[in-house]
Amino acid sequence: MFPAALLAQAPAAEVLRETPPPIPWYYRMLIPEPVEGGLDWAVLEQVSVIYTQHGEQIEHRVEFSEAVMQHHRRRVILKGYMLPLNAPEAESAIRHFLLSALPAHCPFCMPAGPARLVEVETDLPMAYTDQALAIEGRFHALTADAQGTFYRLTDARRWP
């Protein structure tokens, strides 16, 4: 094993490039069709996570396709399933949630990975639903989110 000081001086080396795993056909049929003119979940899957070793530390960064970056900072409509992030005082007071390509199948499991989840921040509270819903908002592709989120919709509202 090399001493830590020598490892720290070594140039950065790409260790791994990872893309989202394919969704099995029996789950893929649960992904809602995009609304006309809306953003398709298949576009959001065009992302890679690149792990780079710097000495003894491994860092990661997110690399988005050109198709994803066409939507960055623009208003989009995306259809998916609501996953509340915290328990509101009332089911009609949700302002911060995840929009998922897949419906939740149990209360303790995330139905999708970060390429198939979008953090949503709304100005007005929304009512919870377990049905697919369309959300319009300003889309952000996040390269270094501390929570590991790849995408966010801000100034969002239910569409239409």
Undergrad: When rounded to the nearest 0.5 angstrom, what is the spacing between CE in Met69 and CZ in Arg73?
TA: 8.0 Å

Undergrad: Is there a donor-acceptor contact under 3.5 Å from the side chain of Arg138 to the main chain of Asp155?
TA: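 Side chain of Arg138 to backbone of Asp155, a donor-acceptor pair under 3.5 Å: no, none is there.
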
Undergrad: Rounded to the nearest 0.5 Å, how far apart are OG1 of Thr52 and CZ of Arg17?
TA: 9.0 Å

Undergrad: Could you go step by step and tell me if Arg75 and Phe139 meet the side-chain contact (heavy atoms from CB on, under 4.5 Å) rule?
TA: CA-CA 6 Å; Arg75 293 200 68 80; Phe139 177 79; over 6 Å; no

Undergrad: Would you name the heavy atoms of Pro32 and Gly80 that are closest together and state the gap between them?
TA: CG-CA, 3.9 Å

Undergrad: Quick check: does any side chain N or O of Arg152 sit under 3.5 Å from a backbone N or O of Ala141, one acting as donor and the other as acceptor?
TA: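 Checking the backbone N and O of Ala141 against the side chain of Arg152, no donor-acceptor pair under 3.5 Å is found.
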
Undergrad: Would Arg95 and Glu119 satisfy salt bridge (charged side-chain N to carboxylate O under 4.0 Å, His left out), going step by step from the backbone distance to the final call?
TA: CA-CA 11 Å; Arg95 297 174 68 137; Glu119 182 181 11; over 6 Å; no

Undergrad: For Tyr81 and Gln131, work out which heavy atoms get closest and say how close.
TA: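 Tyr81 and Gln131 have their closest heavy atoms at CD2-C, 4.0 Å.
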
Undergrad: Find out if a path of hydrophobic residues (ILVMFWY) with successive side-chain heavy-atom gaps under 4.5 Å connects Leu98 to Leu39.
TA: no

Undergrad: Kindly indicate, with the supporting measurements, whether the criterion side-chain contact (heavy atoms from CB on, under 4.5 Å) is fulfilled by Leu99 and Val120.
TA: CA-CA 7 Å; Leu99 192 67; Val120 178; 3.9 Å; yes

Undergrad: Look at the side-chain heavy atoms of Ile, Leu, Val, Met, Phe, Trp and Tyr, link any pair under 4.5 Å apart, and say whether Val43 and Val76 land in one connected group.
TA: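 Per the 4.5 Å side-chain linkage, Val43 and Val76 are co-clustered.
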
Undergrad: Taking atom CG of Leu85 and atom NE2 of His96, what is their separation to the nearest 0.5 Å?
TA: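 If we round to the nearest 0.5 Å, Leu85:CG and His96:NE2 are 5.0 Å apart.
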
Undergrad: Do the side chain of Ser65 and the main chain of Val68 share a donor and acceptor less than 3.5 angstrom apart?
TA: yes

Undergrad: Inspect the contact between Glu63 and Arg61 and indicate whether a charged nitrogen and a carboxylate oxygen are less than 4.0 angstrom apart.
TA: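 Between Glu63 and Arg61 there is a salt bridge, with a charged N closer than 4.0 Å to a carboxylate O.
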
Undergrad: Are side-chain heavy atoms of Arg116 and Pro20 found at a separation under 4.5 Å?
TA: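 SC-SC contact between Arg116 and Pro20 confirmed.
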
Undergrad: Quick one about His140 and Thr154 (side-chain donor to acceptor, distance below 3.5 Å, no hydrogens or angles considered), yes or no?
TA: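 The answer is yes; a qualifying pair exists.
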
Undergrad: Please report whether the ring centroid of Tyr151 lies less than 6.0 Å from that of Phe64.
TA: yes

Undergrad: Just wondering, do Asp40 and Glu33 contact through their side chains at under 4.5 Å, heavy atoms?
TA: no

Undergrad: Check the pair Ile31, Leu102 against side-chain contact (heavy atoms from CB on, under 4.5 Å), reporting the backbone distance first and the verdict last.
TA: CA-CA 6 Å; Ile31 297 175; Leu102 296 167; 3.6 Å; yes

Undergrad: Short question: side chain of Thr122, backbone of Leu124 - any donor-acceptor pair under 3.5 Å?
TA: yes

Undergrad: Identify which one of Leu44, Leu117, Val118, Val49 satisfies the side chain to side chain contact (heavy atoms under 4.5 Å, CB included) criterion when paired with Phe150.
TA: Val49

Undergrad: Are the side chain of Glu36 and the backbone N or O of Gly38 linked by a donor-acceptor pair below 3.5 Å?
TA: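 No, because the side chain of Glu36 does not come within donor-acceptor range (under 3.5 Å) of the backbone of Gly38.
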
Undergrad: Hey, any chance Leu83 and Leu78 share a hydrophobic cluster, counting ILVMFWY side chains that come within less than 4.5 Å of each other, even indirectly?
TA: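 Looking at the clustering, Leu78 is in a separate group from Leu83.
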
Undergrad: Just by distance, do the side chain of Trp41 and the backbone of Lys79 share a donor-acceptor pair under 3.5 Å?
TA: yes

Undergrad: Any idea which heavy atoms bring Gly148 and Pro114 closest together, and the distance?
TA: O-CB, 3.7 Å

Undergrad: Tell me whether Glu121 is salt-bridged to Arg157, with the criterion being a basic N under 4.0 Å from an acidic carboxylate O.
TA: no

Undergrad: Working note: Asp130 + Met82, criterion side-chain contact (heavy atoms from CB on, under 4.5 Å); need CA distance, chi angles, decisive distance, verdict.
TA: CA-CA 7 Å; Asp130 60 358; Met82 180 186 276; over 6 Å; no

Undergrad: According to side chain to side chain contact (heavy atoms under 4.5 Å, CB included), who are the partners of Pro22, at least two apart in sequence or on a separate chain?
TA: none

Undergrad: According to side-chain hydrogen bond (donor to acceptor under 3.5 Å, both in side chains), who are the partners of His60, at least two apart in sequence or on a separate chain?
TA: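 So His60 forms no side-chain hydrogen bond (donor to acceptor under 3.5 Å, both in side chains) with any residue.
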
Undergrad: Examine Ile50 and Leu142 and state if one hydrophobic cluster contains both, with Ile, Leu, Val, Met, Phe, Trp and Tyr joined whenever side-chain heavy atoms are less than 4.5 Å apart.
TA: no

Undergrad: Establish whether Met110 and Val47 are linked, either directly or via other cluster members, by ILVMFWY side-chain heavy-atom contacts under 4.5 Å.
TA: no

Undergrad: Measure the CH2-CD1 distance between Trp159 and Ile77 for me, rounded to the nearest 0.5 Å.
TA: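 The CH2 atom of Trp159 sits 4.5 Å away from the CD1 atom of Ile77.
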
